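Counting starts at 1 for both ligands and their atoms, following the listed order. Predicted model, so just to flag it, every value in this text is computed and none were measured. When a residue number appears, it is its place in the shown sequence, counting from 1.
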Amino acid sequence: MIDLRSDTVTKPTAGMLAAMAAAEVGDEQMRADPTTNELQRRMAELLGHEAALLLPTATMANQAALRALTRPGCKVVAEERTHVLIYEWGGPAIHSGLVMQGLVAEAGRLTPEQIEEVDELGPGGVVVLENTHRSSGGRVWPLDEFRAAVEAARSRGAAVHLDGARLFNASVAAGVEPSAWSALADTVTICFSKGLGCPFGAILAGSAETIERAWEGKFLFGGALRQSGIAAAAMLYALDHHVARLADDHARARRLAEGIGIDAATAETNFVAIPDEPNLRERLREHGVGVGGLRPGWLRAVTHLDLGDEEIEQAIERMQAVLSVHA
Ligand SMILES: Cc1ncc(COP(=O)(O)O)c(C=O)c1O
């Protein structure tokens with residue numbers, strides 16, 4: 001099967017496995033894992049923040065951030081289909097006692113006016129912005145719109161968390177440094193097990209004080225590790241080898257869109273949003289193509305490290321035989 005369900009299905013490459021095997025390790029809970037410390041140092045610098053923390057997953061990074069930035073009873077406001085609101089099992093309410101409020105927004109992008117109008121948003125609350133925005137099809141936040149949303153949140157006294165699970169995709173697509181977005185937010189999550197091809201691992205960056213508070217969350221959630229350098233080595237390898245190549249995934253997404261009759265301009269990064277049809281997912285699977293769910297009424301085909309041009313051409317051929325939208 002040509003697996004376009006998600007960019008999380010990738011397997012570690014030989015080079016990545018070799019880096020993991022050669023990793024220098026220590027006890028992370030004693031803050032004595034040298035490879036983890038090096039990764040955290042590099043990521044803090046890259047993201048324009050004082051400190052960074054390794055976490056096993058982006059979900060845990062998001063939840064540790066919300067816990068560090070907020071007070072129980074306050075609000076978390078985000079576009080209604082952001083990952084923190086609908087795919088993290090009520091974590092903001094359960095772990096941090098937050099009132100969760102979702103707002104409908106085009107392409108996942110909250111406007112300053114929307115943020116200004118939210119009632120009961122203030123100090124102790126947080127606005128979460130997701131870039132790229134998963135459920136709108138991997139869309140990129142233009143920097144000026146992002147800045148305006150951050151300023152609106154600040155004007156309300158709320159903190160800002162950037163769920164940048166796929167921030168490197170946004171960066172490569174827009175030709176803008178990741179720190180241009182991340183330095184504006186109080187905290188930022190980066191996921192390494194999506195387009196970057198790691199088996200697991202995420203980074204949370206923020207001020208030294210916030211990251212100290214996030215350490216508490218890391219322990220509380222059971223995410224404090226021991227020889228975490230094995231993961232950190234894979235992540236460092238991905239930083240050096242798998243970031244620039246995201247441009248290939250984006251080009252392949254555009255080619256796939258075009259090949260199946262979808263406007264290629266809608267594939268801003270590595271997602272192709274496909275209008276759903278009755279039993280479409282099952283019919284594509286029968287023809288040897290796996291696609292995933294995007295949002296109600298829409299499926300997604302996601303390009304990634306384990307798929308080359310040849311697989312994309314094969315996928316187009318197989319999908320054309322099934323889809324009614326193709327030209
Ligand atoms: C935007 C976004 N944030 C966070 C996550 C959570 O990542 P993880 O599976 O590493 O917890 C995902 C996963 O799909 C995501 O798409």
Considering residues, nucleotides and ligands other than E212, do more than 12 of their heavy atoms fall under 6.0 Å from its CD? yes
Interfacing atoms of ligand 1 (cut-off 4.0 Å, heavy-atom, C191): 10 (O)
Proximal atoms of ligand 1 relative to T57 (non-hydrogen, under 4.0 Å): 10 (O), 11 (O)
With backbone taken as N, CA, C and O and side chain as the heavy atoms from C-beta onward, which portion of K194 lies under 4.0 Å from ligand 1: side chain, backbone, both, or neither? side chain
For ligand 1, is there an N or O atom under 3.5 Å from any N or O atom of E88? no
Which segment of D163 sits under 4.0 Å of ligand 1 when only heavy atoms are counted: side chain
Protein contact of atom 16 (O) of ligand 1 - nearest heavy atom, named by residue and atom, plus distance: R166 NH1, 3.0 Å
Is it true that D7 and K194 make a salt bridge, defined as a side-chain N closer than 4.0 Å to a carboxylate O? no
Give the contacting part of A58 toward ligand 1: side chain, backbone, both or neither, where contact means a heavy-atom distance below 4.0 Å. both
Strictly below 4.0 Å, N to O, side chains only: are R109 and E145 in salt-bridge contact? yes
In terms of residue, atom name and distance, what is the protein heavy atom nearest to atom 15 (C) of ligand 1? H83 CD2, 3.3 Å
Does R285 have more than 12 heavy atoms from other residues, nucleotides or ligands lying within 6.0 Å of its CZ? no
Any idea which part of N62 is under 4.0 Å from ligand 1, heavy-atom wise: side chain, backbone, both or neither? side chain
Are E45 and R41 close enough for a salt bridge, meaning some N to O gap below 4.0 Å? yes
Does some non-hydrogen atom of M60 fall short of 4.0 Å from ligand 1? no
Nearest-contact summary for atom 11 (O) of ligand 1 - protein heavy atom, Å: T59 OG1, 2.6 Å
Do other residues, nucleotides or ligands put more than 12 heavy atoms under 6.0 Å from E116 CD? yes
Less than 6.0 Å separating the ring centroids of H242 and Y237? yes
Numbered atoms and elements of ligand 1 in range of E130, under 4.0 angstrom, heavy atoms: 1 (C)
Salt-bridge present (E311, R252; N to O < 4.0 Å): no
